[in-house]
Number of protein chains: 2
Amino acid sequence: MRTELDDVDRALLEALQEDARLSYNELARRVHVSPPTVAQRVRRLEHAGVITGYRAVVDPVAAGRGVVALVRMKCYGPRCITVHPELLDDCPEVVEVVRLTGDICSVVKVVTTSIGELERLLVRLAAHGETSSAMVLSTPIPWRPVRPA
Amino acid sequence: MRTELDDVDRALLEALQEDARLSYNELARRVHVSPPTVAQRVRRLEHAGVITGYRAVVDPVAAGRGVVALVRMKCYGPRCITVHPELLDDCPEVVEVVRLTGDICSVVKVVTTSIGELERLLVRLAAHGETSSAMVLSTPIPWRPVRPA
DNA sequence: CGTGAAATACAATAAGC
DNA sequence: GCTTATTGTATTTCACG
C-alpha cells in the first residue's frame, strides 16, 4: 500500500500529527488549498492506511496513574503475548505491546496507579514468560511526526 | 494537578482517545450532556493537563518508513540524550525517547526507510553511549486508552 | 455548573473549469 | 484534480436557571 504522497499530503500529515483536531478550513489555510480538497486528501490518506486513527493524548500522571513502566518479556512459546494479545484483554493497565527481533520477544508499556499495582501486574505477566521491568522517569521526547519517505 | 474527574470526564476521555476528531455534538450524544457542556469539559481537561494533545497516527510502513526499531541506550554522562534531548533535533527518524530507571538510561524509538539508514542512525546514537537495538516486527497492541484512576 | 437560543463558522454536496 | 457556490450542521457565545 505504497501511495505516492506529494507536498500537500506531507503538509497535511505534519499538521494533523501536531493537532488532530484542526478543522478542514484551518488545514486549508495552512497548506494553501481549498477546504474540499483538504477533505478529499485526508480521506484518501485514511483510506490508504497512511492515517490509521486520531487519538487524544492523556497524561498518566494528571489522570492519577503516576507509575509508568516498560516490561521486557521473554515469553514461554505457547503463552506468548505477541501471538495471543487477547490474553491481556483484562489488563487495562497495559497500554502498548510491541513485538521485537532478538531474545526479548516484546516490550510492554504499563500505566498503573501505584507501585503495588505494578507489582501485581508483573506477577500476572510473569505467567507468560520472564519479565524485566524499568520504570519510566520522564519522556524527554514524547513524540515526533513520522515524515513520509 | 490532580483534578477530580467524574463519569462524564471519563467517558469523554475514553471517546477522544478512541477518535480525537469526534465533534462536540457527537460527543454530547454519546455522553448525554449538551454540546456546550462537552466543550467546557474538554477545555477544562486540556487546561488541567489531562489531555496534552491530539495526534493523527501515521502507519510508518504506509508512509514508506518500513524499518522501525527500539534502541536501548547506556549514555556516557555528559552526552546523555535524556538530559540533552536537543542533541537529537537533527535526527527526524527519532520519534520517541523515554528515560528509565536502571542501567539502561533510555529507550529510543526510531523509524527509518531502510536497514542502511538504521545503521547510519545507530552510528550517530553510538556517539552518546552504548546502544543495543531490536527491530519492531509488529505491534500486537498498538495502544489502549489510559483510564483515570 | 448546567441548558437553551442566538450568530458565526464549518462541512458536505454538486456543478464547472 | 481543484475550485466556487450552496445547503445543512456544528460550534460558540451569552443570557438564564
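In what follows, every chain begins at residue 1, and chains take the letters A, B, ... in the order their sequences are listed. No hydrogens, no waters, no symmetry mates; every other heavy atom, side chains included, goes into these values.
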### Message
Suppose you measure atom P in dT12(D) against the same atom in dA12(C); what distance do you get, rounded to whole Å?
### Response
16 Å

### Query
So which nucleotide from dC2(D), dT11(D), dA12(C) ends up closest to the side chain of Tyr24(B)?
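So the side chain of Tyr24(B) is nearest to dT11(D).
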
### Query
Starting at the 5' end of DNA chain C and moving along, which residue's nearest nucleotide shows up first, Glu26(A) or Val8(B)?
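This one resolves to Val8(B).
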
Looking at [X], does any N or O in its side chain come under 4.0 Å of the phosphate oxygens OP1/OP2 on [N]?
X        : N       : answer
Arg44(A) : dG1(D)  : no
Ser23(B) : dT11(D) : yes
Arg21(A) : dT11(D) : no
Thr37(A) : dT3(D)  : yes
Asn25(B) : dT9(D)  : no

### Message
Under a 4.0 Å threshold between the charged nitrogen and the carboxylate oxygen, would Asp19(B) count as salt-bridged to Arg30(B)?
### Response
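No, this pair does not count.
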
### Query
Hey, are Asp59(A) and Arg65(A) close enough for a salt bridge, meaning a charged N less than 4.0 Å from a carboxylate O?
no

### Query
When you look at CD of Glu46(B), are more than 12 heavy atoms from neighbouring residues, nucleotides or ligands closer to it than 6.0 Å?
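Above 12, so yes.
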
### Arg29(B) or Arg41(A), whichever maps to the more 5' nucleotide of DNA chain D
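That would be Arg41(A).
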
### Message
Once you apply a heavy-atom cut-off of 4.0 Å, does Pro35(A) come out as touching a base, just sugar-phosphate, or nothing?
### Response
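Pro35(A): no heavy atom of the nucleic acid under 4.0 Å.
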
#### Entry: For the student: nearest non-hydrogen atoms of Glu93(A) and Glu117(A), plus distance
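It is CG-OE2, 3.4 Å.
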
Please state how far atom [atom1] in [X] lies from atom [atom2] in [N], giving the value in whole angstrom units.
X        : N       : atom1 : atom2 : result
Gln40(B) : dT12(D) : CD    : C1'   : 13 Å
Arg43(A) : dC2(D)  : CZ    : C1'   : 15 Å
Arg30(B) : dA10(D) : CZ    : P     : 13 Å

